[in-house]
Amino acid sequence: MKIIVTDEGEIAREIAKDLPGEVMVTDSPYRVLQERPDIVIHTYEVPYQEANWDKARAWNVNTWLAINMGKAGHKVGALNVYLSSSMIFNGRRGFYGETSTPDPLNYYGVTKLAGEIGIASLGNYLVLRLGFPFSLSYRGLLYNHLRSLVLRGRAVCNRNFYLSIISTRGIGRVVSLLLKKGATGVINVSNRVSECEVVEEMTKYFPGQVVEKDGKHFDFSLDDWLLRSFGIKLSPRNELREPFAGGISYNEGENTVVT
């Protein structure tokens, strides 16, 4: 099996650890046509914070490049795996399903939603809607809390903010399992936890003060019923613990990420 990932970033490296066969890196549609891979995994993205101030680059990478790579993959019969986000929703209701109506609040969410639509229109796709990725080095939304604990010994959280969380290592395992099972379509990769619970868990490894505030209510959590139908369930606590202590256990016989 030949697989292409579209960058060499942390998530791409974690995914590559669990993939069978040859894994190549390219962001060139022409190279996809040359190599004729079985799978193209769209790992290259402009992340949340950067996307909201550099909109031109975010649109070019998260949307147009993904679609152009997807077109090349479609021409050679490859499965397009697109990593999307819970940020395609507005956070007012929470526990969003695969068929819930998108309504992005920010430009990052807009680019991800447009990428989803473009990839799905080609057919033969797997769109994975991720919660908030986390590791000790991944520069996502949760990284600021970790940095604040390390540098200042305190972190401020909104007790009314709920989300889904997944470690970058967990992303790699889930992608591998779903590919082995022949999954296609749109699948939420998710769970539900409050922002303050996340920060409290961090203090077990980087001691500090948690300052809880009553902010505006947001719930970006995703319904995981479809993911569980593939025998995969993600525990928020394990996803947080994994970067620190390897908290996720993996049972290859059952193809299950165990809570």
Side-chain angles (χ1 to χ4, degrees), residues 10-20 39 41 43 79 81-89 91 93-100 102 112 116 125-136 138 140-142 145-146 161-202 204-205 218-259:
E10 181 174 346
I11 290 177
R13 295 195 302 272
E14 293 292 354
I15 290 173
K17 288 178 181 178
D18 295 298
L19 295 177
I39 301 170
I41 305 177
T43 53
L79 173 71
V81 180
Y82 184 73
L83 303 183
S84 188
S85 169
S86 61
M87 299 303 289
I88 68 168
F89 298 109
R93 182 174 65 84
F95 215 54
Y96 296 101
E98 281 79 4
T99 59
S100 296
K112 284 297 186 176
E116 272 195 24
Y125 66 92
L126 175 60
V127 170
L128 300 180
R129 289 176 178 163
L130 305 178
F132 289 67
F134 173 71
S135 77
L136 298 182
Y138 183 76
L141 185 66
L142 299 175
H145 293 311
L146 183 62
F161 188 94
Y162 296 87
L163 62 152
S164 294
I165 184 172
I166 184 168
S167 65
T168 55
R169 182 81 285 268
I171 294 172
R173 289 182 171 127
V174 169
V175 169
S176 175
L177 287 171
L178 290 175
L179 290 177
K180 287 178 182 177
K181 291 173 177 284
T184 57
V186 178
I187 300 177
N188 292 336
V189 180
S190 60
N191 45 49
R192 186 176 188 270
V193 66
S194 76
E195 182 181 51
C196 289
E197 288 176 294
V198 170
V199 179
E200 286 283 358
E201 189 68 25
M202 288 180 181
K204 294 180 180 179
Y205 307 95
F218 286 106
D219 190 340
F220 289 100
S221 63
L222 301 170
D223 185 348
D224 69 341
W225 76 270
L226 185 53
L227 185 70
R228 286 185 284 110
S229 75
F230 287 93
I232 303 171
K233 186 174 181 180
L234 300 176
S235 159
R237 179 172 294 179
N238 282 352
E239 292 301 316
L240 278 166
R241 185 184 302 153
E242 195 280 335
F244 300 102
I248 295 177
S249 60
Y250 175 51
N251 186 323
E252 189 170 2
E254 296 180 0
N255 281 346
T256 303
V257 177
V258 183
T259 61

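Predicted model only: the values in this text are computed from it and were never measured.
Contact record, L227 with S190: CD2-N, 4.0 Å, taken as the closest heavy-atom pair. In this structure, L83 and K112 approach most closely via the heavy-atom pair O-NZ, 2.8 Å. In this structure, V186 and Y125 approach most closely via the heavy-atom pair CG2-CE1, 4.1 Å. Scanning both residues, F132 and S86, for their nearest heavy atoms gives CE1-OG, 3.7 Å. The two atoms that bring G170 and I166 nearest to each other are C-CD1, 3.8 Å, heavy atoms only. Closest of all the heavy-atom pairs between S164 and S221 is OG-CA, 3.4 Å.
Separation of atoms CG (L136) and CZ (F244) is listed at 5.0 Å; rounding is to 0.5 Å. Going from atom CG of L19 over to atom OG of S176 covers 6.0 Å, rounded to the nearest 0.5 Å. For the atom pair CZ (R129) and CD (E98), the distance works out to 7.0 Å, reported to the nearest 0.5 Å. Note that CZ of F230 is 11.0 Å distant from CG of L177, once rounded to the nearest 0.5 Å. Separation of atoms OG1 (T184) and CG (L179) is listed at 11.0 Å; rounding is to 0.5 Å. Residue I187 holds its CD1 atom at 8.0 Å from CD1 of I232, rounded to the nearest 0.5 Å.
The salt bridge (charged side-chain N to carboxylate O under 4.0 Å, His left out) test applied to R228 returns D224, not counting sequence neighbours. Checked against ring pair (Phe, Tyr, Trp, His ring centres under 6.0 Å), F161 has the following partners two or more places apart in sequence or in another chain: F220. Residues satisfying the salt bridge (charged side-chain N to carboxylate O under 4.0 Å, His left out) test with E14, not counting sequence neighbours, are K17, R169.
Using a 4.5 Å heavy-atom cutoff, the side chains of P236 and E197 are not in contact. Put simply, the side chain of I88 reaches to within 4.5 Å of the side chain of E116, judged on heavy atoms. Between V81 and I15, every side-chain heavy-atom pair lies at or beyond the 4.5 Å cut-off. For the pair L240/F134, a side-chain contact is recorded, criterion being any heavy-atom separation below 4.5 Å from C-beta on. By the 4.5 Å heavy-atom criterion applied to side chains, V193 and E201 are not counted as neighbours. Side chains of V189 and I171 form no contact here, defined as non-hydrogen atoms less than 4.5 Å apart.
With hydrogens and angles ignored, the 3.5 Å screen pairs a side-chain donor or acceptor of N188 with a backbone N or O of Y96. Using modelled atom types, one side-chain atom of E239 and one backbone atom of S167 make a donor-acceptor pair closer than 3.5 Å. With hydrogens and angles ignored, the 3.5 Å screen pairs a side-chain donor or acceptor of N191 with a backbone N or O of I165.
Within the cation-pi definition used here (under 6.0 Å to the ring centroid, within 45° of the axis), R192 qualifies as a partner of Y162.
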